[in-house]
Amino acid sequence: MPRTKDIPPQGFPHLFSPLACGPLTLKNRLVALPVHTGFACPDGRVSTWMEKFYTRLAASGVALVVVANAAVSPDGVVSRFNLRADRDEFIPGLARLAAAVKARGAMACLQLNHAGRFAKTQRPLLPSPIIAGNLAFNVESLKEFMEFFPFEKRFGLTRYLISKIRTWGSPMTDDDRERVIRDFGAAAKRAAEAGFDMVELHGANGYLLCQYLSKFTNKLTNEFGGSKRRRAAFPLAVIREIKKQVPQGFPFGFRLILNEWVPGGIRPEEAADFARCLEKEDAAYLSVSAATYNSLFTLEVRKKMAVPAYLEKETAGLARQITTPVIISGRITTPAKAASVIRKGSADLIGLGRPLRADPEWPAKARGSGKKIIPCINCNHCIKQVILEKGFLCRQWPRWRQEQTLLEHQLLTRNRRSLWIAAHPTDLDTFKPFLPLLLPPEKKKSDHAILLRCDPLESQNLDTLKQGFSAWLECQFAPSGLSGIPRTHTLAASLDTFEEAIEAEIRQGDYGITFLAARPDQPWQTHLLYRIRGKTMVLLNTHPRPFRVIVPIDLSETTLLLLRTLGQTLMQIPLFSFDFIHIETGSTAAAPSLTWNEAVKITGMDRSIPLERIRTTSEVVPALAELIHRRDYGTIAMGKRGISGIKRWLLGSVSAGLLRQLNDRSLFLID
């Protein structure tokens, strides 16, 4: 394939010329490289935020978007928020993601990976046990890795990594290899069924395929280790299994590490040898990379990787030896440099990883929009965020987008599964006016459970009560055409032990929202409201206007979580009406950290929603209590601000007075 013929010597038009890539034709030479986001749901599904993130990349104008790091096996995930493709249940989410990318004019590729020894599992897979020499290098590199993070994070990370190294003593078995090979094939088949145009195999970063290719991690002496040919056997077996499972002609690419920068690790000469094997297997492209998690954080390697286009020489050497299209990566930060790389024939495609995340308008600006590109400053903050499992975040983004990303990642750990707790049979009557909260929007399957306490010392016929309430629910659900009526079950416990039993039930069932029927004679309810963290706790009461809601807003970061949670729950039900109130006391309290416009923008709420500001010379709680009484609000929705804030607002003497004054109001408390 000619790489320099018919390419204009000046300007950037060639960056937007088409290129054949296997059986496909890319509309230009720009590729959104796979960069792990940590934006998947904890169960591996595609999250709404992940879909929005990749949609934005696709809309940038690149020809191909490679979605990063979909695990092919449950024991192959690298983080709690790892995208997964190991079961059919993940296909619908992957299909939405592929469709969203393609709808914005880019081709969609799913990167498949098994993290191997870096996987977040009790028994990580690796070709052969770690040896003493490697252990010394791992420990030394661990020191430099730790210096990369704030002091307060180092202890936890060190403990985790030392525990991980201890699991590197058992190699993969033949059964392990056969199973993982099948897993790659099955995951590729799911990607094709989901509508992706191709898949990419992750052979870099020190993950499993890379581990087999490297003498640093592969000390086997059987058919999978020793010579370069035998070390390539496992990745090639994976490729051949994939080709059996996907439709004929379905293309695959390979993320190829050129320089591992570890003792005895992969070097450009070995990478080129394996690249020729990939060419024989009809790889659609090769996407180059360098460094692994063992070398990435060393000072020497960080200096190398800080140089613009630091892989150009090695990539050009590879491109001269094969005809398969090559994607270059490694700080290609400007269109001028990208154009130079293509013009000289050093690569066929420009891989934009962090530069495209720093500025998704990079392609449009390269076309000549006249705007200055926002550069990736190589601060590595995004890498730190991902390693700490906080999600990809770039310091070059506007403040509101950074706050939005932190908020959306926080919401990944939350769900709308609810548990309705009846400590007494009469509590079921309290639940009935709140039926709209049990009905899921858009006729989706209900995801709620109702728990009724059974006191061993009482002799009530709970089975009859349960059946009667279930029958009432069924009558309410039937006209709406909904399925999955909430199940009602019992828990045997006295009031003395009920609080601990409920706490265990909430955690074991992973309920995101807990509803309690308020009973003044049961103080355990108040304790439970504040013991459960990271959830929404709701105290339902008997006020005749429960759907008229006041939302006290303090314009702290807690406001963001409060607004976003309400947007996903109560605000989806037309029956509810909301007034957002900010009480200004005129005291010397700290100034708000947000403006209302910022909060609305970050949370994606309707910008026309007003915030009413009320100035008072009294304390916040009495002012709120008076307002709630005067306007007759039936429900209060508010956020928690930590222990001191809770005590100040609800648990202290002033707050206890507020609760006494509002003893018939419902409370939504969002932590």
Side-chain angles (χ1 to χ4, degrees), residues 416-440 446-477 484-509 511-532 535-547 549 569-570 573 575-576 634-637 650 659-660 662-670:
R416 302 181 209 180
R417 298 184 66 237
S418 67
L419 179 66
W420 296 63
I421 300 170
H424 189 274
T426 58
D427 291 348
L428 295 176
D429 292 328
T430 305
F431 291 163
K432 288 183 178 180
F434 293 91
L435 177 67
L437 295 173
L438 282 166
L439 300 177
S446 176
D447 198 14
H448 309 291
I450 297 171
L451 181 66
L452 178 59
R453 182 181 70 88
C454 172
D455 193 324
L457 301 179
E458 296 178 355
S459 58
Q460 297 170 329
N461 190 343
L462 290 181
D463 287 339
T464 301
L465 188 66
K466 281 172 53 182
Q467 291 171 7
F469 189 74
S470 296
W472 178 83
L473 278 176
E474 190 169 354
C475 291
Q476 305 302 313
F477 269 55
I485 297 173
R487 61 187 180 90
T488 303
H489 61 291
T490 58
L491 175 65
S494 67
L495 283 178
D496 292 337
T497 61
F498 198 42
E499 181 181 347
E500 283 126 14
I502 288 300
E503 186 172 358
E505 182 85 7
I506 292 170
R507 299 198 185 284
Q508 290 170 10
Y511 293 102
I513 308 175
T514 300
F515 293 88
L516 304 167
R519 299 183 66 84
D521 60 335
Q522 296 180 11
W524 64 267
Q525 290 185 335
T526 304
H527 299 156
L528 190 67
L529 287 178
Y530 306 106
R531 282 183 60 176
I532 303 297
K535 308 280 187 181
T536 298
M537 303 295 291
V538 184
L539 204 61
L540 298 178
N541 225 313
T542 56
H543 191 278
R545 303 181 67 189
F547 306 120
V549 185
T569 53
L570 296 186
I573 303 173
L575 194 60
F576 284 91
T635 296
I636 309 162
L650 291 173
L659 287 176
R660 284 194 297 271
L662 307 175
N663 58 9
D664 64 342
R665 264 71 173 189
S666 296
L667 172 67
F668 276 70
L669 194 59
I670 299 164

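All of these numbers come straight from a predicted model, not from anything done at the bench.
- No hydrogens or angles considered: nothing links the side chains of R519 and T430 as a donor-acceptor pair under 3.5 Å.
- Between I532 and R507, some side-chain heavy-atom pair lies under the 4.5 Å cut-off.
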- [ ] Start with the C-alpha gap between T569 and T536, add the side-chain angles, then the distance that decides, and say whether side chain to side chain contact (heavy atoms under 4.5 Å, CB included) holds.
- [x] CA-CA 10 Å; T569 53; T536 298; over 6 Å; no
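- The side chain to side chain contact (heavy atoms under 4.5 Å, CB included) test with S666 singles out one residue from V538, N541, L539, and that residue is N541.
- Y511 approaches A449 most closely through the heavy-atom pair OH-CB, 3.6 Å.
- In this structure a side-chain-to-backbone donor-acceptor pair under 3.5 Å is present from T635 to P546.
- R531 and E503 get closest at one heavy-atom pair: NH2-OE1, 2.6 Å.
- For the atom pair OG1 (T426) and CZ (F431), the distance works out to 10.0 Å, reported to the nearest 0.5 Å.
- From W420, atom CH2 reaches atom CG of D427 across 12.0 Å, with rounding to the nearest 0.5 Å.
- Shortest non-hydrogen contact noted between T490 and L451 is C-CD1, 3.9 Å.
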Open item on the list: F498 vs I421, test: side chain to side chain contact (heavy atoms under 4.5 Å, CB included). Steps then yes/no.
Closed with: CA-CA 11 Å; F498 198 42; I421 300 170; 3.7 Å; yes
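- Between atom OG1 of residue T514 and atom CG of residue L669 there is a gap of 11.5 Å, rounded to the nearest 0.5 Å.
- With values rounded to the nearest 0.5 angstrom, L540 atom CG is found 6.5 Å from F515 atom CZ.
- The structure places CD1 of I506 at 4.5 Å from CE of M537, a figure rounded to the nearest 0.5 Å.
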